[in-house]
Amino acid sequence: MTPVPLQPGDWLFVLQNWEFLLLGTVVTVLLTATSLALGFAAGFPAGAVEVYGSGRLREAVSTAGVVLRGTPIVVLIVLFYFGLPIPQLATVPVLDVQLDAFLAATLALGLRSAAYQSQVFRGAIQSIGEGQMEAARAVGMSRRGAVRHVIFPQAIRRSIPGFQNEFTIVLKDTSVAFAIGLAELLTRAENLYLQPGQGTAVMEVILAITAIYFVLTFTTNRTLDYLESTYAIPGESE
C-alpha cells in the first residue's frame, strides 16, 4: 500500500463517523471491565492458593497460570471462540455486538488477566511481614481470621500499582478481539477505512483511535494513582 499524506477530507470523514467510533469505544470499555472483573475474581484466590495452599491444588493453580501467561492472547481468543461449546447468542442491536463473541473474548482476556493478577496478589500477600500474622494470633485471632482481616486488606492496598499496569495491558489487548470480528474500536476502525473510496483515510482513522486509547489509559491511570495515594497504608510512603 502506498503511503498517503494526511488530508483534511479524511479528517472530516473521521469526524462524520464519531458516533460509530464512540460505540466501538463503549464496547472496548465494557470488554475491559468484564475481563478485569473476571481476572480479579479468579486471580485473587489463585494468588492466595499459591501462598497458603498446598499439594495438588497449589500445583494445579500454578501450572494453569504458567500455561495462560505463556500463550499469546490472540491464540487464546481464537481457541475460546472456536473451541468452546458457546452457543450462538443474540446480538446487541445498538452496539452491533455478538454476545457469543463478547463472551469468548471476556473469558480469554479475563483468564489470562487472572494469571497475571494472581502474581500481583501473591507478591502483595508475601510482602506482608510475618510479624503481622504473629501479632494477630497473639490477640486471639485464628490463622484464617488473621489472613482475612489483617493480611488481605493490606495486600489489596499494596497491589494497586500492579493492578494499574494490568489494566493498561488488558485495555490494549481488547483490540485483539478484532481476530473474531467483535465490533470493538479497532474492528470499527477497519470497517471505516475499508469503505469504498475511503482507502486514503487509514492513517487518520488509526490516529483517531490511538488518541481514544490514550485518553482511556491516561484518565484511568490517574484515577488509580488517586486511589493508591488515598488508600496507601499509613507510614509506608515515608
S.K.: Please tell me if the side chains of Thr168 and Lys172 come closer than 4.5 Å, counting only heavy atoms from C-beta onward.
M.R.: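 In short, these two side chains touch, coming nearer than 4.5 Å.
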S.K.: Less than 4.5 Å apart, any side-chain heavy atom of Ile206 and any of Ile209?
M.R.: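 Yes, at least one pair of side-chain atoms sits under 4.5 Å.
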S.K.: Has Thr91 got a side-chain atom pairing as donor or acceptor with Gln98's backbone, closer than 3.5 angstrom?
M.R.: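 It does not hold such a pair.
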S.K.: Give the minimum heavy-atom separation between Ala179 and Val78, together with the two atoms involved.
M.R.: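 Nearest heavy atoms, Ala179 then Val78: CB-CG2, 4.3 Å.
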S.K.: Is there a continuous path of hydrophobic side-chain contacts, each under 4.5 Å between heavy atoms, that joins Leu84 to Leu38?
M.R.: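 They do share one cluster, since a chain of ILVMFWY contacts under 4.5 Å joins Leu84 to Leu38.
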S.K.: Got a second to check how far Leu31's CG is from Phe102's CZ, nearest 0.5 Å?
M.R.: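 Answer rounded to 0.5 Å: 5.0 Å.
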S.K.: Between Leu23 and Trp18, does a side chain to side chain contact (heavy atoms under 4.5 Å, CB included) hold up when you go through it step by step?
M.R.: CA-CA 9 Å; Leu23 291 176; Trp18 70 269; over 6 Å; no
S.K.: For Leu95 and Val26, work out which heavy atoms get closest and say how close.
M.R.: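 Heavy atoms of Leu95 and Val26 come nearest at CD2-CG1, 4.0 Å.
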S.K.: Within the distance-only criterion (no hydrogens, no angle test), does the side chain of Gln164 pair as donor or acceptor with the backbone N or O of Asn221 below 3.5 angstrom?
M.R.: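 Yes.
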S.K.: Ala101 and Ile180: which non-hydrogen atoms are nearest, and at how many Å?
M.R.: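 Result for this residue pair: O-CD1, 3.6 Å.
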S.K.: Under a 3.5 Å cutoff, is there a donor and acceptor pairing between the side chains of Ser35 and Ser113?
M.R.: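 Looking only at side-chain atoms, Ser113 and Ser35 do not form any donor-acceptor pair under 3.5 Å.
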S.K.: Looking only at atom types and distance, does a side-chain atom of Arg188 sit under 3.5 Å from a main-chain N or O of Ala183, one as donor and one as acceptor?
M.R.: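 Confirmed, Arg188 side chain pairs with Ala183 backbone.
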S.K.: Hey, what do you get for OG1 (Thr71) to CG (Leu111), rounding to the nearest 0.5 Å?
M.R.: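 It is 11.5 Å, given to the nearest 0.5 Å.
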S.K.: Do Phe218 and Leu216 sit in the same hydrophobic cluster, where Ile, Leu, Val, Met, Phe, Trp and Tyr count as joined when their side-chain heavy atoms come under 4.5 Å apart?
M.R.: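 Unlinked, Phe218 and Leu216 end up in two clusters.
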S.K.: Taking all heavy atoms of Val120 and all of Gly162, pick out the closest pair and write down the distance.
M.R.: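 Looks like CG1-CA, 4.0 Å.
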S.K.: Are Glu190 and Val205 packed together at the side-chain level, in the sense that at least one heavy-atom pair is separated by less than 4.5 angstrom?
M.R.: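 No, side chains not in contact.
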S.K.: Is Tyr81 reachable from Val97 through a run of hydrophobic residues whose side-chain heavy atoms are each under 4.5 Å from the next?
M.R.: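 Same hydrophobic cluster.
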S.K.: Using 0.5 Å steps for rounding, measure from the CD1 atom of Ile125 to the CZ atom of Arg158.
M.R.: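 So the gap between those two atoms works out to 11.5 Å.
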S.K.: Hydrophobic clustering (ILVMFWY, side-chain heavy atoms < 4.5 Å, transitive) - are Phe214 and Leu186 grouped together?
M.R.: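 Different clusters.
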S.K.: Would you call the rings of Phe44 and Phe152 parallel, tilted or perpendicular if under 30° counts as parallel and over 60° as perpendicular?
M.R.: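 The arrangement is perpendicular - the two ring planes meet at more than 60°.
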S.K.: Quick check: does any side chain N or O of Ser62 sit under 3.5 Å from a backbone N or O of Glu59, one acting as donor and the other as acceptor?
M.R.: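 It does not hold such a pair.
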S.K.: How about Arg157 and Gln154: does a side-chain donor come under 3.5 Å of a side-chain acceptor?
M.R.: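 Short answer, no.
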S.K.: In terms of hydrophobic clustering (I, L, V, M, F, W, Y; side-chain heavy atoms under 4.5 Å; direct or indirect links), are Ile169 and Val66 co-clustered?
M.R.: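 Ile169 does not cluster with Val66.
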S.K.: Just checking, is any N or O donor in the side chain of Glu184 or Ser175 under 3.5 Å from an acceptor N or O on the other one?
M.R.: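 No - no donor-acceptor pair under 3.5 Å links their side chains.
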S.K.: Under 3.5 Å, is there a donor-acceptor pair between the side chain of Ser142 and the main chain of Gly145?
M.R.: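 Checked: pair present.
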S.K.: Is Tyr193 close to Thr200 at the side-chain level, that is, under 4.5 Å between some pair of heavy atoms?
M.R.: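 Heavy-atom side-chain distance check fails, nothing below 4.5 Å.
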S.K.: Could you walk me through whether Thr32 and Thr220 pass side chain to side chain contact (heavy atoms under 4.5 Å, CB included), step by step?
M.R.: CA-CA 12 Å; Thr32 302; Thr220 307; over 6 Å; no
S.K.: CZ of Arg143 to CD1 of Ile151: how many Å apart, nearest 0.5 Å?
M.R.: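 Rounded to the nearest 0.5 Å, the CZ-CD1 separation comes to 9.0 Å.
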S.K.: Taking the six-membered ring of Tyr226, is the NZ or CZ of Arg222 close enough (under 6.0 Å from the centre) and on axis enough (within 45°)?
M.R.: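 No; the conditions do not both hold, so Arg222 does not lie above the ring face of Tyr226.
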S.K.: Provide the closest heavy-atom pair for Glu50 versus Ser118 in the form atom of the first, atom of the second, distance.
M.R.: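 It is OE2-OG, 4.0 Å.
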S.K.: What distance do Thr25 atom OG1 and Leu185 atom CG have between them, rounded to the nearest 0.5 Å?
M.R.: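 The OG1 atom of Thr25 sits 4.5 Å away from the CG atom of Leu185.
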S.K.: Please test Gln117 against Val170 for side chain to side chain contact (heavy atoms under 4.5 Å, CB included), starting from the C-alpha separation and ending with a verdict.
M.R.: CA-CA 11 Å; Gln117 288 192 48; Val170 172; 6.0 Å; no
S.K.: If only atom types and distance count, is the side chain of Asp96 paired as donor or acceptor with the main-chain N or O of Val92 below 3.5 Å?
M.R.: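 Pair absent, no side-chain N/O of Asp96 close to backbone of Val92.
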S.K.: Between Thr28 and Ile212, is there a side-chain heavy-atom distance shorter than 4.5 Å?
M.R.: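 Not in contact.
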S.K.: Between Asn191 and Phe20, is a side chain to side chain contact (heavy atoms under 4.5 Å, CB included) present by the stated rule, with each step listed?
M.R.: CA-CA 10 Å; Asn191 291 342; Phe20 187 74; 4.1 Å; yes
S.K.: Determine whether a donor-acceptor pair (N or O, by modelled atom type, separation under 3.5 Å) exists between the side chain of Arg112 and the backbone of Leu68.
M.R.: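 The answer is no, because no donor-acceptor pair under 3.5 Å joins these two groups.
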S.K.: Is there a side-chain contact between Gln198 and Leu192 (heavy atoms, below 4.5 Å)?
M.R.: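 They are not in side-chain contact.
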S.K.: State, yes or no, whether a side-chain contact exists between Phe178 and Ile77 at a heavy-atom distance under 4.5 Å.
M.R.: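 A side-chain contact is absent here, since even the closest heavy-atom pair is not under 4.5 Å.
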S.K.: Phe121 and ring pair (Phe, Tyr, Trp, His ring centres under 6.0 Å): which single residue from Phe163, Phe40, Tyr116, Tyr52 fits?
M.R.: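 Result: among Phe163, Phe40, Tyr116, Tyr52, Phe40 is the only option passing the ring pair (Phe, Tyr, Trp, His ring centres under 6.0 Å) with Phe121.
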S.K.: Enter the distance from Gln88:CD to Leu99:CG here, rounded to the nearest 0.5 Å.
M.R.: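 Separation between the atoms: 11.5 Å.
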S.K.: Kindly indicate whether the side chain of Val150, heavy atoms from C-beta on, has any atom under 4.5 Å from the side chain of Met133.
M.R.: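 Val150 vs Met133: side chains apart.
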S.K.: Just wondering, are more than 12 heavy atoms of other shown residues or ligands nearer than 6.0 Å to CZ in Arg69?
M.R.: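 Result for CZ/Arg69: enclosed.
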